[in-house]
Amino acid sequence: MHAIAIHGGAGTLSSAQLTPESDRAYRAALEAAVRAGFEVLDKGGSSRDAVTVAVQVLEDDPLFNAGRGSVLSANGLHELDASIMDGRDLAAGAVTGVRNVRNPVLLARLVMERSAHVMLAGEGAEEFALRQGLEPVANSHFTTERRQRELELLLEGKKAAGREALMGTVGAVALDSHGNVAAATSTGGMTGKKWGRIGDSPIIGAGTYAANDCCAVSATGHGEFFIRAIVAHEIAALMRYKELDVVQAADEVVMQQLVRMGGSGGVIAVGRDGRIAMPFNSEGMLRAAMDSRGLFVTGLLRD
Ligand code: ASP
């Protein structure tokens, strides 16, 4: 049994904004990413590789708030966060506040595999990237017209749609045929964030978590709430100690705990049995999933 789920953020769009063209474009982009990850699993590859590949495809697509197409901080720069965790041995890597790394998920993976640390920030992370041979890109590489307009509107106080319109993130979770789970998450954060702000996405246990005895989780939403609710680890803990299944555990955290706190967003999660959960309490969450039993779904808003 192998399975993969991906998300492209919980706050990128509302039903009012979704045209037939953008619906098609989002679904095609999600399908490309989920298929890229699934192909790795289908060939007997690892969940670690599958989530890396899927997130990299989403980072390279300017539709999503990660890598190219990331949102802008209040200072007009992109500061990117990413993390990855392997459920087989609880290995983890994360980077935060990077400005010149094309694919932050690859850097997070290098931190996991080639450093003695779990998390590197800012300049130190950039220097590590150079030493590992990652080609730097200009910060403007990540900029799109849409993100610039969003920041301008926000700074002019014209951003009407509340917090949800300011978010977005990408992530992937997978179970491979060897029984190992993994999760990865990558983001530009939230539009207009204070520079130096760190969200949940690079924080192991908050935005990302994977452990073979229960599940792999990647979150998207208003990071400040997700950090305080330790969302990804909380789902794992409910499975471990309360023996909930992955759907019940993810629902409890996203639809109960986060709602009580006022934290908008969602998660994707895969259990060690290959079951997939994709709950969200926001208007939508871009998402897709595939498994070796023939499941294939994409979703944007509430179905
Ligand atoms: N969780 C991300 C953050 O707070 C944003 C998002 O997922 O939309 O940085």
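Order of listing sets the numbers, starting from 1, for every ligand and every atom in it. Here the structure is a predicted model, which is why all the values come from computation and not from measurement. Numbering starts at 1 and runs along the sequence shown.
With distances taken over non-hydrogen atoms, the option nearest atom 2 (C) of ligand 1 out of Ile198, Val170, Thr169, Ile227 is Thr169. Between the choices His222, Glu224, Arg197, the shortest heavy-atom distance to atom 4 (O) of ligand 1 belongs to Arg197.
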Exercise answer: donor-acceptor pairs, residues 36-43 side-chain atoms, under 3.5 Å, sequence neighbours excluded:
| unit_1 | atom_1 | unit_2 | atom_2 | d |
| --- | --- | --- | --- | --- |
| Asp42 | OD1 | His2 | NE2 | 2.8 |

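Judged by distance alone, the side chains of Thr143 and Ser140 never bring a donor and an acceptor atom under 3.5 Å apart. Side-chain polar atoms of Asn100 and Asn139 form no donor-acceptor pair below 3.5 angstrom. Using modelled atom types and a 3.5 Å distance limit, the side chains of Ser201 and Asp81 yield no donor-acceptor pair.
In this structure a side-chain-to-backbone donor-acceptor pair under 3.5 Å is present from Asp291 to Leu295.
Within the structure, ligand 1 lacks Gly9 among the residues with a heavy atom less than 4.0 angstrom away. Lys193 does not count as a contact of ligand 1, since none of its heavy atoms falls under 4.0 Å from the ligand.
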Just do the side-chain contact (heavy atoms from CB on, under 4.5 Å) check on Val253 and Val267 with the steps written out, would you?
CA-CA 9 Å; Val253 176; Val267 303; over 6 Å; no
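Atoms of ligand 1 lying under 4.0 Å from at least one heavy atom of Gly223, given by number and element, are 4 (O). Contact atoms of ligand 1 toward Thr220: 6 (C), 7 (O), 8 (O) (distance under 4.0 Å to a heavy atom of the residue).
Inclusion of Asp200 in the set of residues having an N or O under 3.5 Å from an N or O of ligand 1 is warranted. For Gly221, a nitrogen or oxygen atom sits less than 3.5 Å from a nitrogen or oxygen atom of ligand 1, counting backbone and side chain alike.
The OG atom of Ser70 sits 7.5 Å away from atom CZ of Arg147, with the distance rounded to the nearest 0.5 Å.
By the criterion of a heavy-atom distance under 4.0 Å, the side chain of Ser201, and not its backbone, is placed next to ligand 1.
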